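One structure below.
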Amino acid sequence: MADTGTTALRSSPLAHLADRMRAATVTGARGVTLRELPFLGMVNVRVDPSSAAAGRIETAVGAKLPRRCGDTTSSGHRTVVWLGPDEWLVLSRSDEAAALREALGQDPGSVVDVSANRTTLELSGPSARQVLEKGCPLDLHPRSFGPGRAVSTTVGPVAVLLWQIDDAPTYRLLPRSSFADYLGRWIVDAMSEFGGPEVL
């Protein structure tokens, strides 16, 4: 029997660009690919990092809350991204909000499911860094930004959370859902030059 609930009806912010993103794929030494990773769980957590509640949240997540700008920690399919001295984003393929609310209990702080607020774009391949460098003000050279780093920045005119996954390099960009279409089209356009011969 078909699922007639809301899960079956929902559409990701970039579903309409899936074919265009696939068509933009470049292979070979200058390769780069772009895809959406829709419906990832995202929970915003605010808590005093020195509190007992923070310790309970770390136990629930299975990872320490990172303490410095740019740092992330991971456990299994969960990653915790530093957003501020008392603020983190927990990324997961499952729903973590209920367990984190229980861990916070009645202590000061907040646990808010913000999964619908953003979507996730994954940009990877040998030319991925050069694509981002067309519109990102960060120094993305490996000496300054590498796997496990995640910061708030802009790509083109769009505010994103930028997270590097590995040395491929692979990046995940988390824009607000309402800006995802613009960002997806911007990246596809920025990828286009890598399909031709390199101009020296």
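Numbers here are sequence positions counted from 1. Bear in mind the structure is a predicted one, so any value in this text is a computation, not a measurement.
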Side-chain H-bond candidate by donor/acceptor type, Thr119 with Glu36, under 3.5 Å: yes
Does the Arg118 side chain pair with the main chain of Leu174, one donor and one acceptor, at a distance under 3.5 Å? yes
Gap between atom CD of Gln106 and atom CG of Leu104 - 0.5 Å precision: 8.0 Å
Those residues at least two apart in sequence (or on a different chain) that pass side chain to side chain contact (heavy atoms under 4.5 Å, CB included) with Ala15 are Ser11, Ser12
Residues forming a side chain to side chain contact (heavy atoms under 4.5 Å, CB included) with Pro142, sequence neighbours excluded: Arg129
Any donor-acceptor pair under 3.5 Å linking the side chain of Arg30 with the backbone of Glu193? yes
Step by step, work out the side chain to side chain contact (heavy atoms under 4.5 Å, CB included) result for Val45 and Val80. CA-CA 10 Å; Val45 175; Val80 185; over 6 Å; no
Measuring from Ser115:OG to Asn44:CG, what's the distance to the nearest 0.5 Å? 11.0 Å
Examine distances only and state if a side-chain atom of Ser51 and a backbone atom of Ala54 form a donor-acceptor pair shorter than 3.5 Å. yes
For residues 58-70, run the donor-acceptor check on the side chains, cut-off 3.5 Å, and write out each pair with its distance to 0.1 Å, sequence neighbours left out.
residue: Glu58; atom: OE2; partner: Leu65; partner atom: N; Å: 2.9
residue: Thr59; atom: OG1; partner: Gly55; partner atom: O; Å: 3.1
residue: Arg67; atom: NE; partner: Leu65; partner atom: O; Å: 3.1
residue: Arg67; atom: NH2; partner: Pro49; partner atom: O; Å: 3.4
residue: Arg68; atom: NE; partner: Asp71; partner atom: OD2; Å: 3.0
residue: Arg68; atom: NH2; partner: Asp71; partner atom: OD2; Å: 3.3

Run the numbers on Ser124 and Glu122 for side-chain hydrogen bond (donor to acceptor under 3.5 Å, both in side chains), then give the verdict. CA-CA 6 Å; Ser124 62; Glu122 185 173 86; 5.0 Å; no
Stepwise side chain to side chain contact (heavy atoms under 4.5 Å, CB included) test for Val90 and Thr79: CA-CA 6 Å; Val90 179; Thr79 297; over 6 Å; no
Is the shortest side-chain N to carboxylate O distance from Asp189 to Arg185 below 4.0 Å? no
Do the side chain of Asp181 and the main chain of Leu183 share a donor and acceptor less than 3.5 angstrom apart? no
Please answer whether the main-chain N or O of His141 pairs with a side-chain N or O of Asp139 as donor and acceptor at a distance below 3.5 Å. yes
